[in-house]
Amino acid sequence: FGCGEGGDVIAFLMKINNQDFKEVIAEQAAVLGIELPKGSKDSSSKYKQEKERLLNAMDEATKFYHKKLLANERALEYLEKRGVGEVAIGKFFLGLAPNSNFELKEHLREKGYTNDEMYKAGLLYEKNGDFLDRFKNRIIIPIMDVNSNTIAFGARAIMEGQNPKYLNSPDSSIYNKSNVLFGLNRAKDYIKQEDSVIIMEGYFDVISAHVAGVQNAVASCGTALTPQHIKLIARYSPSRKIYLAFDSDSAGQKATKAGAEVIKNIFSSLGDIKQYDSSYSDNSDSVCEIRVVSQVGGKDPDEFIREFGAQEYKNHIKNAPLFLDYRLNKALEELKNDATPQQKSITVQQIADILSEIQNPV
């Protein structure tokens, strides 16, 4: 009554759970034992059973890895050095893949799962006709959907010279990295509260942020930002205030630019993207706000929070410039003191092009 919202029970669940119509119908049909019309992917009993089996196998693997980590002092010391203590390990259910080709496989076989099911879940890979554990001698980071079901893993190397540094689960029937953001299951309520989201680059950036109290942080799972990622975030932040907090290296700068362009392409058809901060003109009716959290001294969020603390990082976020200002600052930073007239001319043209995007006549 107080908030003035209206609608039927379906609309209520859509708003409360931030789900679309199809998701609400599928979920309630399953609760009530109602079979959906034939032809719907969700109505296929075989599909639902397979999905449930794969999710259960992933849950069992999560527990297996977590137990292995808690029993391994060397791995715990490695995480402690990275500033990841007992709270983070428990909150994100971190684990350890043993240095074995078969240990997880044998454990899950005892639990009744087949090689085919483990392979489909991305837990095994095939080599010379045999199925082997995909992850070996790595810190395991469970990747969960918004309902906190484990659907994939990120695996961090812990031995010197171990490559690649990160190994991720392949796409499967329960996991599509283009549609999943790491940490969203924990961040969604805080994104609603803050009406903003911070998109970071790495798993440990997000873990450090959450443990330190910056709980509206998420990360893409080893891939560039996609339109699906941005639409997912928009469910939880009505004002669509998005902070990009990528690394300060050239790859991070490219990711920042590419991510901002994806966001602009998604929302620009709905209205104006916020382009400037000012006290003399109101642009509060913007459909989206993109800000860039620069990395001080080249430190990523994980390093920054560990060195300076959560409050300092929160203050740093408050001062994050809009994407347009970030680009202006970058153009000026690249101009050296002994720049030639030709170099200055190029910078002036870059700045003019950026400023020409502002719609406000003043």
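Remember, predicted model here, so these are calculated numbers, not experimental data. For this chain, numbers begin at 1 and follow the sequence in order.
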Main chain of [Y], side chain of [X]: is a donor-acceptor contact present, judged purely on distance under 3.5 Å?
X	Y	value
His316	Phe304	no
Gln162	Asn137	yes
Glu117	Arg53	no
Asn56	Glu52	yes
Asp205	Asp302	yes
Asp171	Lys177	yes
His66	Leu94	yes
Glu201	Asp247	yes
His229	Ser178	yes
Thr347	Gln343	yes

How far does [atom1] of [X] sit from [atom2] of [Y], to the nearest 0.5 angstrom?
X	Y	atom1	atom2	value
Met58	Met144	CE	CE	10.0 Å
Glu86	Lys91	CD	NZ	14.0 Å
Ile273	Ile358	CD1	CD1	13.5 Å
Ile199	Leu181	CD1	CG	6.5 Å
Leu225	Ile263	CG	CD1	6.0 Å
Ser237	Glu194	OG	CD	10.0 Å

Only residue of Asn115, Leu123, Thr114 satisfying side chain to side chain contact (heavy atoms under 4.5 Å, CB included) with Leu108 is Leu123

Before we go on, tell me: are the rings of Tyr65 and Phe153 under 6.0 Å apart, centre to centre? yes

Should Ile351 and Val348 be counted in the same cluster of Ile, Leu, Val, Met, Phe, Trp and Tyr side chains packed under 4.5 Å apart? no

Between Ile25 and Val31, is there shared hydrophobic-cluster membership here, with clusters defined by ILVMFWY side-chain heavy atoms closer than 4.5 Å?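 No, it is not one cluster - the side chains of Ile25 and Val31 are not joined through contacts under 4.5 Å.
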
Flag the pair [X] and [Y] as a salt bridge only when some basic side-chain nitrogen lies within less than 4.0 angstrom of an acidic carboxylate oxygen.
X	Y	value
Arg291	Asp277	yes
Lys68	Glu103	yes
Glu23	Arg235	yes
Arg327	Glu357	yes
Lys330	Glu333	yes

Which atom names give the shortest non-hydrogen contact between [X] and [Y], and what distance separates them?
X	Y	answer
Cys221	Asn168	O-ND2, 4.3 Å
Val293	Ala320	CG2-CB, 4.1 Å
Leu96	Ile140	C-CG1, 4.1 Å
Leu244	Ala260	CD1-N, 3.8 Å
Ala217	Ala209	CB-CB, 4.1 Å

Decide whether [X] and [Y] meet the rule of one side-chain donor and one side-chain acceptor closer than 3.5 Å.
X	Y	result
Ser286	Asp272	no
Gln311	Asn315	yes
Gln253	Asp249	no
Ser148	Asn185	yes
Thr62	Thr150	yes

Apply side chain to side chain contact (heavy atoms under 4.5 Å, CB included) to Leu324 and Leu328, showing your working. CA-CA 6 Å; Leu324 186 141; Leu328 289 174; 3.9 Å; yes

When the ring planes of His210 and Phe92 are compared, do they come out parallel, tilted or perpendicular, using 30° and 60° as the limits?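 Answer is perpendicular, since the angle exceeds 60°.
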
Angle between ring planes, Phe323 versus Tyr326, binned at 30° and 60°: parallel, tilted or perpendicular?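 Geometry flag for Tyr326 against Phe323: parallel rings.
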
Can you list, by chain and residue number, the hydrophobic cluster partners of Tyr125 when the side-chain cut-off is 4.5 Å?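 Direct or chained contacts put Tyr125 with Phe102, Leu132.
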
Exceeds 12 heavy-atom contacts within 6.0 angstrom, atom CZ of Phe131: yes

Pairs in or reaching into residues 120-142: which pass salt bridge (charged side-chain N to carboxylate O under 4.0 Å, His left out), with residues at least two apart or in two chains?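 Salt bridge (charged side-chain N to carboxylate O under 4.0 Å, His left out) check on residues 120-142 returns Glu50-Lys120, Lys105-Asp130, Asp116-Lys120.
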
Step by step, would you call Ser169 with Ile143 a side chain to side chain contact (heavy atoms under 4.5 Å, CB included)? CA-CA 9 Å; Ser169 293; Ile143 297 168; over 6 Å; no

Does a side-chain heavy-atom distance below 4.5 Å link Val262 with Pro227? yes

Between Tyr113 and Leu54, is the side chain to side chain contact (heavy atoms under 4.5 Å, CB included) condition met? List the steps. CA-CA 9 Å; Tyr113 296 98; Leu54 297 187; over 6 Å; no

Run the numbers on Arg306 and Glu303 for salt bridge (charged side-chain N to carboxylate O under 4.0 Å, His left out), then give the verdict. CA-CA 5 Å; Arg306 280 190 279 134; Glu303 293 170 324; 5.3 Å; no

Please report the C-alpha distance between Tyr313 and Phe308 in whole Å, then the side-chain angles of each, then the deciding distance to 0.1 Å, and finally whether the ring pair (Phe, Tyr, Trp, His ring centres under 6.0 Å) criterion is met. CA-CA 7 Å; Tyr313 190 70; Phe308 301 110; over 10 Å; no

With a cut-off of under 6.0 Å to the ring centre and 45° to the axis, is Arg156 in cation-pi contact with Tyr203?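 Negative - Arg156 is either too far from the ring of Tyr203 or too far off its axis.
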
Listed once per pair and sorted, the ring-ring contact (aromatic ring centres under 6.0 Å, His included) pairs that draw on residues 234-253, sequence neighbours left out: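 Those involving residues 234-253 do not exist here.
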
